[in-house]
Amino acid sequence: MSLPPALDPVNAVLVPHWLSAGDRMELERAVQSALAGGPVHPVAAVHLSEVLTELHVAAAREVVWPAPTARVRRATGWDADVVPVRLSAVELASVLSLPELAPLAREALTGGRSA
Amino acid sequence: MSEALFGAPAGLFQRLNRAEVRVADVRAAATRLIAAGVDGDLRIDVLDGGRGPMLVLDDAGRRTRVLLGELAVEMTRARVAATPDGVAAALTSWLARRPVPDELAAAAGVAVLDWADARRTALGWRVVVHRGEQVVPWRPSSTATLPAVHRTRSSALGRAATVEATLRISGPLALWTSPTSPGLDSAVLVRPEVLLAEMAAHGLRPRDAHMVVTPRRPVACAEASVARRLGAEAADDCAILPWRALADVGWA
């Protein structure tokens, strides 16, 4: 059985959310504690683990192609630890549905630099 | 390493500036460069030919001729500032990317992955040498014999295997960077089996390892879905290829 298209992160539209190192750490902590904690719906678990993957991919992008993000940071005046974390709509929704996500990280994902 | 002679055209603001670089500007810059002296075995002359003045380079026996008019047109197209300093800087950067002599490639060439076509769809091995800060590709001269080309390529592959690379693990991804020789990161791909072994030593055993390769940038390896995610939003062109396909990559 093939997965429905919404589960393939490459076919989904990935929207960049510009997160600082603190935001990313909080995002990782919240997702990990949700996955390690109580029962999570299997589909939500897939999306949440994709978010963890994306956090690593975002760090890798900085190593392989640092120039474009550096240009954006120069133009906007954001700090050097701000990098784009690209999430699909379902991944973002699965993160925002976590009740333990700190307000600061929630704000970074929905407003602020991501607005 | 198929690029415009003087880099990509400048931004919109620069395009509004319609200064034209003339042959005389290039000639003056070349004359000053000759007077100032250039490095090593390189000899530069400006000769008057039937089709106009030519810049003639003799780099350790490899001769390159180019019409000054051609350089002027390319500089104008690349929006090089038509000032003595602007033209001199453009000429110096063009000289830094002059063809590599066959002897130099045979003595110091390193094999890296590069784009094999102008549309940047296929990868191939290419012999490159370090020239100052830059990595310059070698294309065999018209006098290079087939056995000599093969010898140069095989010793370049041998040197690529000795390029130092640092492995960094980022979750499900492995990244190789060459800290000592920037631009030669993809040389690590001459020994793909070592890459998998290094990843396994760090507890990373992808079922279906895929490489994300951007010429002259660090190399990433991960499972197919993660590699696609990394490559999907890549700002530069990159190639994603299965680990097994590395064995079949030919020469660019």
Side-chain angles (χ1 to χ4, degrees), chain A residues 2-19 21 24-25 27-29 31-32 35 45-75 81 83-92 114, chain B residues 7-8 10-13 112-113 120 165-179 182-186 188-189 199 202-204 206-240:
Chain A
S2 64
L3 292 173
L7 281 182
D8 186 352
V10 173
N11 289 341
V13 177
L14 302 178
V15 178
H17 300 271
W18 293 80
L19 304 184
R24 280 177 283 140
M25 267 168 65
L27 185 56
E28 188 170 3
R29 187 206 60 77
V31 170
Q32 266 167 351
L35 286 174
V46 168
H47 294 320
L48 287 176
S49 54
E50 285 293 344
V51 173
L52 283 186
T53 302
E54 171 57 26
L55 286 170
H56 292 299
V57 169
R61 261 188 225 114
E62 281 301 285
V63 175
V64 185
W65 307 287
T69 24
R71 269 202 297 276
V72 172
R73 281 195 296 258
R74 256 204 315 280
D81 65 340
V83 301
V85 174
R86 295 169 192 273
L87 301 175
S88 68
V90 279
E91 288 162 1
L92 179 64
S114 304
Chain B
L12 193 58
F13 269 139
V112 296
L113 280 185
R120 302 187 165 200
T166 312
L167 170 63
R168 189 186 314 193
I169 301 284
S170 171
L173 283 143
L175 293 159
W176 285 271
T177 330
S178 164
L184 300 187
D185 309 84
S186 59
V188 292
L189 296 167
M199 284 171 77
H202 284 79
L204 214 55
R207 270 168 296 151
D208 180 19
H210 274 60
M211 318 298 302
V212 181
V213 182
T214 307
R216 281 169 287 172
R217 297 299 314 157
V219 173
C221 179
E223 255 174 48
S225 62
V226 180
R228 280 208 306 276
R229 184 162 194 138
L230 176 62
E233 304 283 333
D236 286 0
D237 289 323
C238 73
I240 302 170

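Every chain is numbered from 1, with letters handed out A, B, ... down the list of sequences.
Across A/Val63 and B/Arg217, no two heavy atoms sit closer than the pair O-NH2, 3.3 Å.
Atom CZ of A/Arg73 has more than 12 neighbouring heavy atoms from other residues, nucleotides or ligands inside a 6.0 Å radius.
Of the residues considered (B/Pro218, B/Gly231, B/Pro172), B/Pro218 shows the highest number of contacts with chain A, using heavy-atom pairs under 4.5 Å.
We find the NE2-CG distance between A/His56 and B/Leu175 to be 11.5 Å, quoted to the nearest 0.5 Å.
Within the 4.5 angstrom heavy-atom criterion, only side-chain atoms of B/Val212, from C-beta onward, approach chain A. Both the backbone and the side chain of B/Leu230 come within less than 4.5 Å of a heavy atom of chain A.
No side-chain heavy atom of A/Arg61 sits under 4.5 Å from any side-chain heavy atom of B/Ser170.
Judged by distance alone, the side chain of B/Arg229 and the main-chain N or O of A/Arg86 form a donor-acceptor pair under 3.5 Å.
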